[in-house]
Amino acid sequence: MFDAPLAAAADLAAWRSLAGAALAAKLPPDEIAWRDAAAPRELHATRQLEAGGEIELRVPRGFPDLAETVICHASRERFALLYRLLWRIVQGERALLEVAVDPDVRRARTMAQAVRRDMHKMRAFVRFRRVADVEPEQFVAWFEPDHHIVEANAPFFQRRFAQLRWSILTPGRSVHWDGARLAFAPGTSRKAAPDGDALEALWRTYYGHIFNPARLKVQAMRAEMPKKYWRNLPEAGAIRGLVRAAEARVEGMVEAGPSLPPVKAARWVPRAGPNRPAAGGLPALHRELSACARCELHRFATQAVPGEGPI
């Protein structure tokens with residue numbers, strides 16, 4: 001059996017080079033032991049698989065994108081799974097990726113979905129904090145991803161925070177932007193990131209203003225903002241209080257009623273018809289709309305909260 005180590009956890013180019021060499025040597029999937037370079041070598045992997053020259057492969061259109069995403073997954077089987085798919089495609093299963101019930105295809109799709117979700121969570125929950133007494137200004141964020149997504153996600157933060165000097169630290173990989181180029185470094189510990197800054201009060205104020213108590217769904221909120229991220233979110237400290245006060249706030253909104261602008265019948269008098277009110281009927285229409293809006297608000301208030309327990 002051949003040993004196939006990869007130095008980087010999510011290096012698609014290195015995997016592609018080794019996979020090309022394996023295909024050129026006509027090595028079936030069960031003859032290759034794929035691993036991260038940091039992982040121990042398997043005892044029965046007695047020969048080293050060396051990267052060879054580039055070979056031209058014709059693969060389905062969706063395979064490169066799928067491989068680029070799956071390679072970021074934390075599972076140790078990702079390298080072997082991708083090679084197994086590639087081997088089957090090269091051996092004649094050209095429509096393999098269209099077979100949704102195939103175990104390999106299903107597993108690869110599931111892994112890709114998990115990676116995309118992790119990338120979305122990183123974009124949503126990274127919070128930069130200003131490093132004190134550093135000029136020019138430097139911002140640092142701490143994040144704990146489930147998968148190897150730092151390098152794949154770095155261009156998003158580069159575009160979004162192009163004018164800032166920032167770093168994102170994670171246990172496995174870190175990325176730094178100095179305003180001109182991205183640089184990657186090994187992971188670090190939480191202690192390397194600052195604990196807070198003056199902007200955290202603004203985060204809490206902003207979150208309190210956009211929180212809608214009438215649409216509170218605790219289970220949905222937990223699904224979109226899992227509690228494992230809370231310790232790194234400055235606004236998380238306000239969540240419990242906002243949830244506890246939600247019912248009282250909704251009752252106050254219902255009592256206050258909707259605020260609708262007055263309707264001036266003299267400026268708009270539609271003709272009577274099967275789908276239009278008669279002239280002079282606008283005050284009654286206004287009252288009907290107000291009642292409907294009030295009922296809708298009351299429905300949100302009474303149906304959104306019951307059944308949900310405290311966080």
Side-chain angles (χ1 to χ4, degrees), residues 2 4-37 39 49-126 143 145-160 170 172-173 175 182 184 223-224 226:
F2 286 85
L6 289 110
D11 191 343
L12 181 62
W15 175 86
R16 188 170 53 236
S17 181
L18 285 176
L23 289 174
K26 299 182 179 180
L27 295 178
D30 57 3
E31 285 295 318
I32 306 173
W34 297 92
R35 64 181 176 92
D36 291 328
L49 179 62
E50 301 290 344
E54 293 291 330
I55 64 172
E56 183 177 350
L57 294 174
R58 294 187 178 275
V59 296
R61 182 174 298 178
F63 184 79
D65 290 340
L66 181 64
E68 186 176 15
T69 306
V70 171
I71 203 79
C72 297
H73 199 275
S75 173
R76 295 179 59 183
E77 70 170 309
R78 62 191 182 279
F79 305 126
L81 174 63
L82 288 175
Y83 183 72
R84 192 159 58 247
L85 288 171
L86 181 61
W87 172 265
R88 293 175 61 184
I89 290 171
V90 171
Q91 293 301 311
E93 297 183 61
R94 305 297 301 178
L96 175 61
L97 297 184
E98 300 175 15
V99 185
V101 297
D102 182 88
D104 286 341
V105 174
R106 185 170 64 249
R107 176 59 177 152
R109 301 288 188 196
T110 301
M111 292 170 68
Q113 184 179 13
V115 169
R116 288 192 293 268
R117 177 177 173 80
D118 201 30
M119 292 179 67
H120 170 73
K121 295 304 181 187
M122 181 177 180
R123 297 177 184 185
F125 298 136
V126 158
F143 189 74
D146 293 329
H147 304 287
H148 307 292
I149 60 172
V150 172
E151 295 191 11
N153 241 358
F156 168 84
F157 292 96
Q158 176 189 351
R159 294 189 300 269
R160 187 167 185 177
T170 80
R173 194 75 165 151
V175 57
L182 286 171
F184 297 94
E224 292 302 318

First locate atom CE of Met122, then atom OG1 of Thr170, and finally report the distance between them rounded to the nearest 0.5 Å. 7.0 Å
Are side-chain heavy atoms of Arg58 and Arg94 found at a separation under 4.5 Å? yes
More than 12 heavy atoms of other residues, nucleotides or ligands under 6.0 Å from CD of Glu98: yes or no? no
More than 12 heavy atoms from other groups under 6.0 Å of CZ on Arg123: yes
Residues, nucleotides or ligands: over 12 heavy atoms within 6.0 Å of Arg76 CZ: no
Any side-chain to backbone donor/acceptor pair from Asp118 onto Pro145? Under 3.5 Å, distance only. no
What I'd like to find out is whether the side chain of Val70 reaches to under 4.5 Å of the side chain of Val115, using heavy atoms alone. no
Between Asp102 and Arg88, does at least one N-O distance fall below 4.0 Å, as a salt bridge requires? yes
Pairwise distance CD(Glu31) to NZ(Lys26) - rounded to 0.5 angstrom: 15.0 Å
Does a salt bridge link Arg78 with Asp36, judged by any charged N lying under 4.0 Å from a carboxylate O? yes
Between Asp104 and Arg107, is there a side-chain heavy-atom distance shorter than 4.5 Å? no
I'd like to check Leu97 versus Arg109 (side-chain heavy atoms, cut-off strictly below 4.5 Å). Are they in contact? yes
Please check: side-chain N/O of Thr110 versus main-chain N/O of Arg106, any donor-acceptor pairing under 3.5 Å? yes
Rounded to the nearest 0.5 Å, what separation is found between the CZ atom of Phe79 and the CD1 atom of Ile32? 13.0 Å
Apply the test side chain to side chain contact (heavy atoms under 4.5 Å, CB included) to residues Val105 and Leu85: give CA-CA distance (whole Å), side-chain angles for both, the deciding distance (0.1 Å), then the verdict. CA-CA 8 Å; Val105 174; Leu85 288 171; 4.1 Å; yes
Point-to-point distance, once rounded to the nearest 0.5 Å, from CG of Leu66 to CD1 of Ile71: 10.5 Å
So do the side chains of Leu81 and Met111 get within less than 4.5 Å of each other, counting heavy atoms only? yes
Under 3.5 Å donor-acceptor, His73 side chain and Ser75 backbone: yes
Within the 4.5 Å heavy-atom criterion, are Leu96 and Phe63 side-chain neighbours or not? no
For a 4.5 angstrom cut-off between non-hydrogen side-chain atoms, does Arg173 reach His148? no
Identify the two heavy atoms, one from Leu182 and one from Pro155, that lie closest to each other, and give their separation to 0.1 Å. CD1-N, 4.4 Å
Just how far is it from atom CZ of Arg84 to atom CG of Asp30, taken to the nearest 0.5 Å? 10.0 Å
Greater than 12 external heavy atoms within 6.0 Å of Gln91's CD: yes
Value for SG (Cys72) from CG (Asp11), rounded to nearest 0.5 Å, stands at 10.5 Å
From CA spacing to verdict: side chain to side chain contact (heavy atoms under 4.5 Å, CB included), Leu27, Leu49: CA-CA 10 Å; Leu27 295 178; Leu49 179 62; 4.0 Å; yes
Please step through side chain to side chain contact (heavy atoms under 4.5 Å, CB included) for the pair Tyr83 and Leu18, ending with a clear verdict. CA-CA 10 Å; Tyr83 183 72; Leu18 285 176; over 6 Å; no
Student check: side-chain heavy atoms of Trp15 and Leu86 closer than 4.5 Å: yes
